[in-house]
Colleague: 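One structure follows; several queries about it will come next.
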Amino acid sequence: MQDNFEKKKHTLSAVNREEVDLTGINDVSSFNEEEINAACDLGNVLIKGSHLLVETLDLDNGILKVSGRITAIVYSDKSDAKKLFGKLFS
């Protein structure tokens, strides 16, 4: 099934597990020193670690830059989040 809109290009660049640059970001739903939850057209991105800091957040241009000790970057489809919330509230 095709979407009716053109998806923004999403890129990820990581340096020494201390810096992460992402493009194509539409939203950051939550963040703290241990987790950052972001969204792009392709789904959700969860960055885990310690001492995480959002260095740059420019949603107009879709840019997110994070520093700290990055231990995991996890992608999930948007439909996965909807299924989870459906199960929790049904």
Side-chain angles (χ1 to χ4, degrees):
M1 185 162 117
Q2 285 187 335
D3 293 330
N4 292 332
F5 64 95
E6 185 175 327
K7 293 180 180 177
K8 290 183 190 174
K9 182 177 180 181
H10 170 69
T11 64
L12 177 136
S13 173
V15 179
N16 295 331
R17 293 177 57 182
E18 295 176 350
E19 299 174 15
V20 175
D21 295 340
L22 298 106
T23 65
I25 298 299
N26 298 328
D27 187 31
V28 173
S29 59
S30 66
F31 64 91
N32 59 42
E33 289 186 344
E34 297 177 347
E35 284 188 357
I36 298 171
N37 290 295
C40 64
D41 287 344
L42 299 172
N44 298 309
V45 183
L46 173 64
I47 302 169
K48 290 186 170 195
S50 58
H51 307 291
L52 297 179
L53 178 64
V54 175
E55 298 282 344
T56 303
L57 176 58
D58 180 354
L59 295 179
D60 291 334
N61 293 307
I63 297 170
L64 172 63
K65 294 184 180 195
V66 175
S67 65
R69 173 122 168 61
I70 291 112
T71 57
I73 301 171
V74 180
Y75 283 93
S76 63
D77 291 334
K78 288 182 181 181
S79 61
D80 291 345
K82 289 178 185 176
K83 289 178 188 173
L84 175 63
F85 285 118
K87 288 179 183 177
L88 288 174
F89 296 110
S90 62

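Everything quoted here is computed from the prediction, not taken from an experiment.
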Colleague: Given the rule that I, L, V, M, F, W and Y join up when any side-chain heavy atoms are under 4.5 Å apart, are Leu12 and Leu57 in one cluster?
Modeller: yes
Colleague: With sequence neighbours excluded, what pairs up with Asn26 under the side-chain contact (heavy atoms from CB on, under 4.5 Å) test?
Modeller: Lys8, Asp41
Colleague: Answer yes if Ile47 and Tyr75 sit in the same cluster of Ile, Leu, Val, Met, Phe, Trp and Tyr residues linked by side chain heavy atoms under 4.5 Å apart, and no otherwise.
Modeller: yes
Colleague: For the pair Ile25 and Leu59, evaluate side chain to side chain contact (heavy atoms under 4.5 Å, CB included) and give the outcome as yes or no after the intermediate values.
Modeller: CA-CA 7 Å; Ile25 298 299; Leu59 295 179; 4.2 Å; yes
Colleague: Going by the ring pair (Phe, Tyr, Trp, His ring centres under 6.0 Å) test, which pairs reach into residues 18-57, not counting sequence neighbours?
Modeller: none
Colleague: If you look only at distance, which donor and acceptor atoms sit under 3.5 Å apart when one is on a side chain in residues 61-69 and the other is two or more places apart or in another chain?
Modeller:
residue, atom, partner, partner atom, Å
Asn61, ND2, Asp58, OD2, 2.8
Ser67, OG, Glu55, OE2, 2.6

Colleague: Under 4.5 Å between side-chain heavy atoms, counting indirect links through other Ile/Leu/Val/Met/Phe/Trp/Tyr residues: same cluster for Val28 and Val54 or not?
Modeller: yes
Colleague: Run the side chain to side chain donor-acceptor pair (under 3.5 Å) test against Ser50 and tell me which residues pass, sequence neighbours left out.
Modeller: none
Colleague: For Cys40 and Gly24, work out which heavy atoms get closest and say how close.
Modeller: CB-O, 3.1 Å
Colleague: With Thr11, which residues qualify under side-chain contact (heavy atoms from CB on, under 4.5 Å), at least two apart?
Modeller: Lys9, Thr23
Colleague: Please set out all donor-acceptor pairs under 3.5 angstrom arising from side-chain atoms of residues 15-22, sequence neighbours excluded.
Modeller:
residue, atom, partner, partner atom, Å
Arg17, NE, Ile70, O, 3.1
Arg17, NH2, Ile70, O, 3.4

Colleague: So among Ile36, Thr71, Asn32, which one has a side-chain contact (heavy atoms from CB on, under 4.5 Å) with Leu52?
Modeller: Ile36
